[in-house]
Number of protein chains: 2
Amino acid sequence: MVKIAIDAMGGDFGPEPIVRGCIDALKKKKFIPILVGKKSEILPLLPKRYRDKISILDADDVIAMSDAATDAIKRKDSSIYKAVELVKSGEADGVVSAGHSGATMTLATLRLGRLKGIARPALITFMPTKVGTRSVILDVGANVDSKPEHLVQFAIMGGCYSKDVMGVANPRIGLLANGEEESKGNEVTKAAFKLLKGHENFIGNVEGGDIFNGSCDVITCDGFIGNLVLKTSEGVASTISGLIKEYIRKSPIAITGALLMRKVFKLLKKQIDYAEVGGAPLIGIKGCAIVSHGKSNARAIENAIYQAISYVDNHVNEHILEKIQEYNENN
Amino acid sequence: MVKIAIDAMGGDFGPEPIVRGCIDALKKKKFIPILVGKKSEILPLLPKRYRDKISILDADDVIAMSDAATDAIKRKDSSIYKAVELVKSGEADGVVSAGHSGATMTLATLRLGRLKGIARPALITFMPTKVGTRSVILDVGANVDSKPEHLVQFAIMGGCYSKDVMGVANPRIGLLANGEEESKGNEVTKAAFKLLKGHENFIGNVEGGDIFNGSCDVITCDGFIGNLVLKTSEGVASTISGLIKEYIRKSPIAITGALLMRKVFKLLKKQIDYAEVGGAPLIGIKGCAIVSHGKSNARAIENAIYQAISYVDNHVNEHILEKIQEYNENN
């Protein structure tokens, strides 16, 4: 059975939603959870009937959001350090953390190491599409100033994830650029295009709008750009919902209308709510790490745990190693 | 009175919405319009009472959307070439075109020339914010692989535009990056940050979400990134509106609700509709060029004409020259 180490500390709301998310996940899926953090804080949150199903690894220290990511490697008593070490030692198959994301990525990369053939691990996130599916985009923040060969590795890793975890048989892999034509792009993407040309499932350049129209399953980009795309998308969604709310507030007729449309807004929220997805997998490391949002509620943690289980169960890393080797042999 | 050359051809819907937009603008503002294009197609669209107010410059050729932008410089009989030449000769103060945007930018840059101290002209667009204002973002597509000094020039030009045309007394100028801290960014933005530090109105790094939350008036970025931000924003807005429509269609109660909320959706559409803005000014050239969307309706053309008038009337170029000189003297 898959063993998941869960950093119980570090999230913006303390251990409560994390412990609850873990319990909720246990109700629906079989896995072995190990909560890592201050035992004195975690234990009271665990109902008696779960105390034999969920083990706790005591960790005194917590990396705060304001701490430097580079400090993480020295603070061996922190919950995230100990959780990552469980993966390193084989006592866990994957780790989930809603704590300091830089610390999680640094520790997962340095302590677990990179997969053979992968120069830089990448962070994946998910975007809702018009057709009801979710597209995968990477890198969304693990790297800046990616080189063309890094983008190629992101593309291959994204393809494996899409196939193994999202269940897309032949994931269409695109390179994010400022136009569809091969001539479009900046220096880095143009060079990456040449390297990816002819690769199975590579569909060429895709534009910002293609992230959401369902025409592409994997969107490949540098982490600086992926971060901007992600934050911009959140900004647009939040602005639109803010404007709708404001306009509604001003008119009794609109309030009535909004009440009748409640179900619509609920469906929409579900579609664009990160909690429904879980967290962002860090792909390219020897192991599995899901980087959850600091504001994760129990539902987000529950889903992040499912992501980790699915990542391990579907042998994503093994497939990446195969595909990277295949690519290197053919190029 | 300000003289505006309007490329009557090249838009996706032919000269009709362009001529109509020109007439609508004339009803509200005083300016001298010169329509450039096939006289035989334009004249029948002009009501008799406007024929002495709007002059037509005959141009046989039209650059099609599928043509290469680089060809534009050779096709001297095209409507956009002739419209730009009117600015060059001083017969017009600005040009508006809904035709091939690459051709318009190439011709405006090469035929009119760059302002002293500006290495690369930039394309500006406008983003709605939560607080009801619009922020200015540049470059959104005139350049890729911008160098730090280009970003500095974009920042200064954006500041002038925001002040002169948008009426922001002290525009807050931000540098688009993957985090607010000075340590965040890629190589280019980190170097640009150093060059901008201490510059009046520079507020440091801003993130994707800051484009829409009203915390920043001018967002500075490379054109590759600006294009992605723009296309992503459009994609999110269109996906959300598509999902809302789809969910509504499925439920009679929601349909009733939507009817009651019609005014809300109308306000929202107005807020995010590019037609309400007009076009994208190409800033940094000796003259004024507004690059309108190929799909521009009459309302978009009308607003693009107002933009051109306002650009000229408010002496944006003179202020850019002053500010660039000031910056160069102090750095």
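Note that the structure is a prediction, hence the values are computed from the model and not measured. Hydrogens, waters and symmetry mates play no part in the numbers below; they use all other heavy atoms, side chains included. Chain letters run A, B, ... following the sequence lines, proteins first, then strands; residues in each count from 1.
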Tell me, do A/Leu228 and B/Leu228 make a side-chain contact under 4.5 Å, heavy atoms counted?
no

Which one of A/Ile253, A/Ile248, A/Asp210, A/Val188 has the most heavy-atom pairs closer than 4.5 Å to chain B?
A/Ile253

Hey, what do you get for CE (A/Met261) to CG (B/Leu260), rounding to the nearest 0.5 Å?
10.5 Å

Quick one: which of B/Leu176, B/Leu243, B/Thr129, B/Thr239 has the most heavy-atom pairs under 4.5 Å with chain A, could you say?
B/Thr239

Heavy-atom pairs under 4.5 Å with chain A - which of B/Asn143, B/Leu267, B/Leu230, B/Asp222 has more of them than the others?
B/Leu267

If you tally heavy-atom pairs under 4.5 Å against chain A, which of B/Ala258, B/Ala254, B/Gly208 wins?
B/Gly208

Could you have a look at B/Ser233, B/Gly242, B/Cys221 and say which one has the most heavy-atom pairs with chain A under 4.5 angstrom?
B/Ser233

Counting only heavy atoms closer than 4.5 Å, note whether B/Ile211 contacts chain A via side chain, backbone, both or neither.
side chain

Go through B/Thr189, B/Thr232, B/Asn213, B/Val144 and name the one with the most non-hydrogen pairs under 4.5 angstrom from chain A.
B/Thr232

Proximal component of B/Asn227, with respect to chain A [non-hydrogen, under 4.5 Å]:
side chain

By a 4.5 Å heavy-atom criterion (distance strictly below it), what part of A/Ile225 contacts chain B: side chain, backbone, both, or neither?
side chain

Quick one: what part of B/Lys263 sits under 4.5 Å from any heavy atom of chain A, side chain, backbone, both or neither?
neither

Portion of B/Glu234 that has a non-hydrogen atom of chain A nearer than 4.5 angstrom
neither

